[in-house]
Amino acid sequence: MNRSLKRFSFLLFPLFIFLIHLPFVFAKAKPYTKIMGHEAAIYGGTSASIEGAVSNNWLYVNMNLNAMGLSQEAFDYAVKGYEYLRSIGKLDNNILSIVDFSLSSTQKRLFVIDMENYKLLYNTYVAHGRNSGKEYATQFSNNPESFKSSLGFYITKGTYSGAHGFSLQLEGEEKGINDNALRRAIVMHSADYVNKSLIKTQGYIGRSLGCPALPKAMYKPIIETIKNGSCLFMFSPHSNYVSKSRLLQLASS
């Protein structure tokens, strides 16, 4: 190769390197998509499943729910069902309440979340049915007089004054799983036995006849917040609920 050709090649090489990197120089940043009111980076595509996974994880971590004890499994299923119920016009507000029965009754296992403003509004104790277990709820039923809690998705109805005072009606949305809730008078109400002192003396809070009973100091503001068309989800990994839930199957399709 003569000297002039070598000089030309030497000059051409930097231009070649620049052209190779040109697409990266002008490329846009990785795409962001607006997910549930927040921006989250989406890598490798913009499918609904990827968006959902990113947004759910973002919300879970950003609201510090992991540190508060709520399992991500319970949260992810709750959000899926919540979004599905909203999509078919079943919900009238943006509140999602989760009862995580994977937790001991000595822990604050009711989480009330504002899904519009992404805030945890309340976190407190909640009772399970006396035949569902002592410290942990591990057995569930949809049958009348079972005195067990029922899992799955509920829609909150109106309030009334009953045997336990100010109470909230709950309508079960899952056939064969919790659709006997109104018939069984499964409602949200207050109870003296939902308190810390019982944890110290017996190792768990008191139990209900199947209702998600709340502490006396918390029940009124919580019921007022979630009444009239919000989503309530009760979850436990100690069951075959997920495999049986038609609603979760529809929400995941």
Ignoring hydrogens and angles, tell me if any N or O in the side chain of [X] forms a donor-acceptor pair with the backbone of [Y] under 3.5 Å.
X      : Y      : answer
Ser71  : Ala74  : yes
Thr225 : Pro221 : yes
Ser243 : Asn240 : yes
Asn178 : Glu173 : yes
Ser253 : Leu250 : yes
His128 : Thr138 : no
Asp114 : Asn117 : yes
Ser230 : Lys227 : no
Asn123 : Leu120 : no
Ser132 : Lys148 : no

Practice task
Determine, using the 4.5 Å side-chain heavy-atom cutoff (strictly less than), whether Tyr60 and Leu248 are members of one ILVMFWY cluster.
Solution key: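 Yes.
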message: If hydrophobic clusters are built from ILVMFWY residues whose side chains come within less than 4.5 Å, do Phe101 and Val187 share one?
response: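 Cluster IDs for Phe101 and Val187 differ.
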| query | Heavy-atom count around Lys216 NZ within 6.0 Å, excluding the residue itself: above 12? | reply |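 For Lys216, atom NZ is crowded (more than 12 foreign heavy atoms under 6.0 Å).
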Evaluate the criterion side-chain hydrogen bond (donor to acceptor under 3.5 Å, both in side chains) for residue pair Asn94 and Arg86; output intermediate values, then yes/no.
CA-CA 9 Å; Asn94 299 303; Arg86 280 191 63 83; 2.9 Å; yes
Taking C-beta and beyond as the side chain, do [X] and [Y] meet within less than 4.5 Å on heavy atoms?
X      : Y      : value
Tyr160 : Phe166 : no
Tyr122 : Leu110 : no
Leu170 : Pro212 : yes
Tyr204 : Leu198 : no
Leu91  : Ile155 : yes
Thr106 : Glu135 : yes
Met188 : Leu214 : yes
Cys231 : Phe153 : yes

Minimum heavy-atom separation for [X] to [Y], with atom names?
X      : Y      : answer
Arg109 : Ser104 : CD-O, 3.7 Å
Ser167 : His189 : OG-CB, 3.5 Å
Val126 : Val194 : N-CG1, 4.4 Å
Leu247 : Gly81  : CD2-CA, 3.9 Å
Met68  : Phe111 : O-CZ, 3.8 Å
Asn131 : Gln139 : O-CB, 4.1 Å

Which residue in the set Leu96, Ile95, Val99 passes side-chain contact (heavy atoms from CB on, under 4.5 Å) when paired with Leu232?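 When Leu96, Ile95, Val99 are each tested with Leu232, the side-chain contact (heavy atoms from CB on, under 4.5 Å) holds only for Val99.
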### Message
With side-chain contact (heavy atoms from CB on, under 4.5 Å) as the test, pick out the partner of Gln72 among Asn57, Val61, Leu65.
### Response
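When Asn57, Val61, Leu65 are each tested with Gln72, the side-chain contact (heavy atoms from CB on, under 4.5 Å) holds only for Asn57.
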Point to revise | Residues Glu174, Arg246: salt bridge by 4.0 Å N-O rule | key: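 No, this pair does not count.
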Below 4.0 angstrom, N of the basic side chain to O of the carboxylate: do Glu83 and Lys80 qualify?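 A salt bridge is absent here (no side-chain N lies under 4.0 Å from a carboxylate O).
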Exercise. Between the side chains of Arg207 and Ser105, is a donor N or O closer than 3.5 angstrom to an acceptor N or O?
Worked result: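 Their side chains do not contain a donor-acceptor pair, so the 3.5 Å distance test is not met.
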### Message
If you apply the rule ring-ring contact (aromatic ring centres under 6.0 Å, His included), what do you find for Phe233 with Tyr82, and how did you get there?
### Response
CA-CA 9 Å; Phe233 178 56; Tyr82 164 83; over 10 Å; no
* Show your reasoning for whether side-chain hydrogen bond (donor to acceptor under 3.5 Å, both in side chains) applies to Asn93 and Asn228. => CA-CA 8 Å; Asn93 62 51; Asn228 297 329; over 6 Å; no
query = Does Tyr136 sit in a hydrophobic cluster with other residues, and if so which ones, taking ILVMFWY side chains as linked at heavy-atom separations under 4.5 Å, directly or through other members?
reply =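 Answer for Tyr136: none, a lone residue.
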